[in-house]
Visitor: 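Below you'll find the structure I mean.
Each chain gets a letter, A, B and so on, in the order its sequence line appears, and its residues count up from 1.
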Number of protein chains: 2
Amino acid sequence: MADARAPGNRRRPRQSDIARSAGVSQATVSLVLRGAPTGMSLAPATRQRVIAAAEELGYVPDPVATRLAAATNAMLGLYTFSATFPTDVAHSYYPILVGVEEEAAAQGQDLILFTGSARAAARADDPAAVRRVRVADGCLFFGRHVPAEPVRRLVEDGFPFVYIGRRDEAGVPYVGADYVSASADVVARLAAAGHRKVRYLREHDQALASVDREDGVLRGARDAGLDTLVVRTDGSDLDALLREWLDAGVTAVVVEQTDTGAALAGLGAAIDRAGLRCPGDLSLALLGAPTGTRGSAPGGGAAFSGFDVPMRAMGRGAVRLLLRLIAGDLEGPSRRLLPCEPVEGGTIGPPRPPNRTTGRA
Amino acid sequence: MADARAPGNRRRPRQSDIARSAGVSQATVSLVLRGAPTGMSLAPATRQRVIAAAEELGYVPDPVATRLAAATNAMLGLYTFSATFPTDVAHSYYPILVGVEEEAAAQGQDLILFTGSARAAARADDPAAVRRVRVADGCLFFGRHVPAEPVRRLVEDGFPFVYIGRRDEAGVPYVGADYVSASADVVARLAAAGHRKVRYLREHDQALASVDREDGVLRGARDAGLDTLVVRTDGSDLDALLREWLDAGVTAVVVEQTDTGAALAGLGAAIDRAGLRCPGDLSLALLGAPTGTRGSAPGGGAAFSGFDVPMRAMGRGAVRLLLRLIAGDLEGPSRRLLPCEPVEGGTIGPPRPPNRTTGRA
DNA sequence: CTGAAAGCGCTTACAG
DNA sequence: CTGAAAGCGCTTACAG
């Protein structure tokens, strides 16, 4: 059969051509070119001849054959249960991709992006769709909501994979962020600034990342003895709620950060409409970094106080863990929670004295 | 040899496993799974058994083996001659990736990101590094600066690939943007607004995208009979130059957009320091969209006037063209230049009357 | 120190 | 309609 890949072109040299030209066997060529295994030594003269012939013929190894023979394809999968490159959520997960790419490159691995999960949410749940990740040596999973069944099968088959983000399922390897501690810390900072009455605004979405944040907020509030209430919103019509809070003496609001940023956007709009300043009239903390590139807070334009989600580090860590699993090291820890760096920002100030008039509205 | 890919794990099923389980030969499995060649027909019963066994075992074809056997694997490569996910250039090429992913997903293709080109510029030039793209059916190339030699070899081999961005080399397929027309149009708009003396500020970088912009500017200036001068900068210390321009009666400046945005940043800083307003004191046009998410012009904060680079469309178009080439269609056009949408913006105004005092500095 | 052989997991003529 | 065989270009024990 002719080489379908190169119709009408001169065949490119392979090891057998070198072998013929150097008067050795093809296997010897391989040994010389790829470096003999430990303990084995080649006659210097043979080496020379092979190298020379390879040079002469312009030999370049075929990566496809190399990978097939080496029984590893040096490819890591990345399967996202949402668009890999989201367009509408302000690139929020971009740093994760950056981290994944960095570490993969450093480790000499290519990346297979499994597409299509974007388009049809239905398809992402399709076991067949998930199954195709098996073409890679191992796979990274990512997304707030993940179908359980297809993944269970992967575990069963012993296919190496790692989640980016914490998971509840027993035995599932992940590299996540310690939202609980970071969120508790934010509340502690509010308490330290003198706040006693705070509200936590979150969305309805029940992803683990949200649950953890709420847990952290509640723990922080308990530890500091704060008056706290969790309020869920879809982000619309927060004006009345905001007014109510202020009337009740609330001096600080903690907001969840999500894909959509709906809660934050809604609150920001309400604050702007009320003509409030942050942190003059109200302290604000964000559980995570803003999704835009420059997240300036409403009523003042300062940077948000809160914490940074170590997305890039999560990406890198996930690649490293995955490679360990692929290498068969099932001993070490396979679940890691990375710390979130606190962000000072400028939206936490002392509580507004109760009797001062509210805003300029 | 044990399967190096999954030591300690159940081996991934291959065609011979299916064959055994279905009681047919491995070749028949291949025929069933990949679709028998035209004219050949399989017994429906055999088909059923094979399909069922494959399903049962969770079979996924090995893309590397598939490729070695001279077939296609429904994977497209993406090789970037710079970081695929740049961190320091404000995500400037992100929309291209979005477009590529969209179209790939729509066409049922997965994407292989060839990594490592970021890290070592040296490695990107390495023919072996580029050659590994052959594990994919075809490849998209991208980056301002591209090493000629490795790519020449790919052409020689008849490997299908497409550049994202215009190329000079004869016969190289690409999908680019028509910077020449778009840039000329921007100058025409300045002329229409009454400007007669404009300057074009560009960086030293000699990428094709820069050359095309300059050609367009010069053409536009010639057509409109404008007094134009091309000035190169690394973006630093533009204050004296700016002053000189104003003294000479220059009323508008056109700026090149690049990866780094150095020229724009430098000019913006100089304008701010001089206390000038745009377009009151000086009209400004940008050849391309700003790299940040919200590019607000200096001295006023309006959106830049200029044009949009159709990055997403380029990504989509490149995928479509690549698939055509993979399919063996060498007839149709293999070089496309997409139009750039003009952006009205708010930084082009009428020229400042010559005798009005300059700024507030 | 080197060659002959088997194998990586597929595809594709070629016989039956 | 299906099986046996050869081949893609390598790597890696295993003999000599």
Side-chain angles (χ1 to χ4, degrees), chain A residues 1-7 11-20 22-50 54 57 59-75 134-135 137, chain B residues 1-6 11-20 22-50 54 57 59-75 128 131-132 134-135 137 157 159:
Chain A
M1 179 194 71
D3 185 347
R5 255 169 270 144
R11 190 171 54 68
R12 96 194 110 90
R14 28 184 180 183
Q15 291 186 347
S16 59
D17 297 323
I18 301 177
R20 197 174 324 111
V24 298
S25 77
Q26 176 266 320
T28 301
V29 173
S30 173
L31 257 16
V32 169
L33 260 28
R34 131 164 288 260
T38 52
M40 181 180 275
S41 62
L42 288 306
T46 333
R47 263 187 69 79
Q48 299 306 335
R49 263 182 305 145
V50 169
L57 294 173
Y59 173 77
V60 182
D62 182 330
V64 177
T66 306
R67 287 180 181 190
L68 180 59
T72 170
N73 55 24
M75 297 193 210
R134 298 188 61 159
V135 305
D137 292 338
Chain B
M1 180 192 70
D3 186 344
R5 250 167 272 147
R11 192 171 47 68
R12 150 164 57 158
R14 29 183 178 180
Q15 291 186 346
S16 59
D17 298 321
I18 301 177
R20 198 175 321 112
V24 297
S25 77
Q26 175 265 321
T28 301
V29 172
S30 173
L31 257 17
V32 170
L33 261 28
R34 138 163 282 264
T38 52
M40 180 180 276
S41 62
L42 289 305
T46 330
R47 264 187 68 80
Q48 300 305 336
R49 266 182 302 146
V50 169
L57 294 173
Y59 174 78
V60 179
D62 182 326
V64 175
T66 306
R67 275 299 281 170
L68 182 60
T72 61
N73 57 16
M75 298 198 199
R131 188 169 275 257
R132 72 191 205 281
R134 302 186 60 139
V135 306
D137 291 343
D157 289 351
F159 181 80

Visitor: Starting at atom CG of B:Asp17, determine the distance to atom C1' of C:dC8, rounded to an integer number of angstrom.
Guide: 14 Å

Visitor: Which part of the nucleic acid, if any, lies within reach of B:Val24 when heavy atoms closer than 4.0 Å are counted: base, sugar-phosphate only, or nothing?
Guide: sugar-phosphate

Visitor: According to a strict under-4.0 Å criterion, is A:Ser30 in side-chain N/O contact with OP1 or OP2 of D:dC10?
Guide: no

Visitor: Scan B:Ser16 against the nucleic acid and name what it touches under 4.0 Å (heavy atoms): base, sugar-phosphate only, or nothing.
Guide: nothing

Visitor: For A:Ile18 and D:dG9, give me the distance from atom CD1 to atom C1', rounded to whole Å.
Guide: 11 Å

Visitor: In whole angstroms, how far is the P atom of C:dG7 from the CG atom of B:Asp62?
Guide: 18 Å

Visitor: Heavy atoms under 4.0 Å, any strand shown: does B:Ala27 hit a base, just sugar-phosphate, or nothing?
Guide: base

Visitor: Whole angstrom is fine here: how far is it from CZ in A:Arg67 over to P in D:dT12?
Guide: 15 Å

Visitor: Looking at the side chain of B:Thr28, which of D:dT2, C:dT12, D:dC10 is the nearest nucleotide?
Guide: D:dT2

Visitor: To the nearest Å, how far apart are B:Leu68 CG and D:dG7 P?
Guide: 14 Å

Visitor: Between B:Ala65 and B:Arg49, just flag the one whose closest nucleotide in DNA chain D comes earlier from the 5' side.
Guide: B:Arg49

Visitor: Rounding to a whole Å, what distance do you find between A:Arg14:CZ and D:dC8:P?
Guide: 5 Å

Visitor: Please report the shortest heavy-atom distance between A:Ala19 and A:Ser25, naming the atom on each side.
Guide: CB-C, 3.6 Å

Visitor: What are the two closest non-hydrogen atoms of B:Ala54 and B:Leu33, and how far apart are they?
Guide: CB-CD1, 4.4 Å

Visitor: Given that both distances must come in under 3.5 Å, which nucleotide forms a Watson-Crick or G-U wobble pair with C:dA15?
Guide: D:dT2

Visitor: Compare every heavy atom of B:Arg49 with every heavy atom of B:Gly23, then report the nearest pair and how far apart it is.
Guide: O-NH1, 4.2 Å

Visitor: Rounded to the nearest angstrom, tell me the gap between atom CZ in B:Arg34 and atom P in C:dG9.
Guide: 18 Å

Visitor: Below 4.0 angstrom from OP1 or OP2 of C:dT2, is there any side-chain N or O of A:Thr46?
Guide: yes

Visitor: For a quick test of reading the model, state the closest non-hydrogen atom pair linking A:Gln15 to A:Tyr59 and the distance between them.
Guide: CG-OH, 3.4 Å

Visitor: Please state how far atom CD in A:Gln26 lies from atom P in D:dT11, giving the value in whole angstrom units.
Guide: 8 Å

Visitor: Closest approach to the side chain of B:Ser25, judged atom by atom: which nucleotide of D:dT2, D:dG3, D:dC10 is it?
Guide: D:dG3

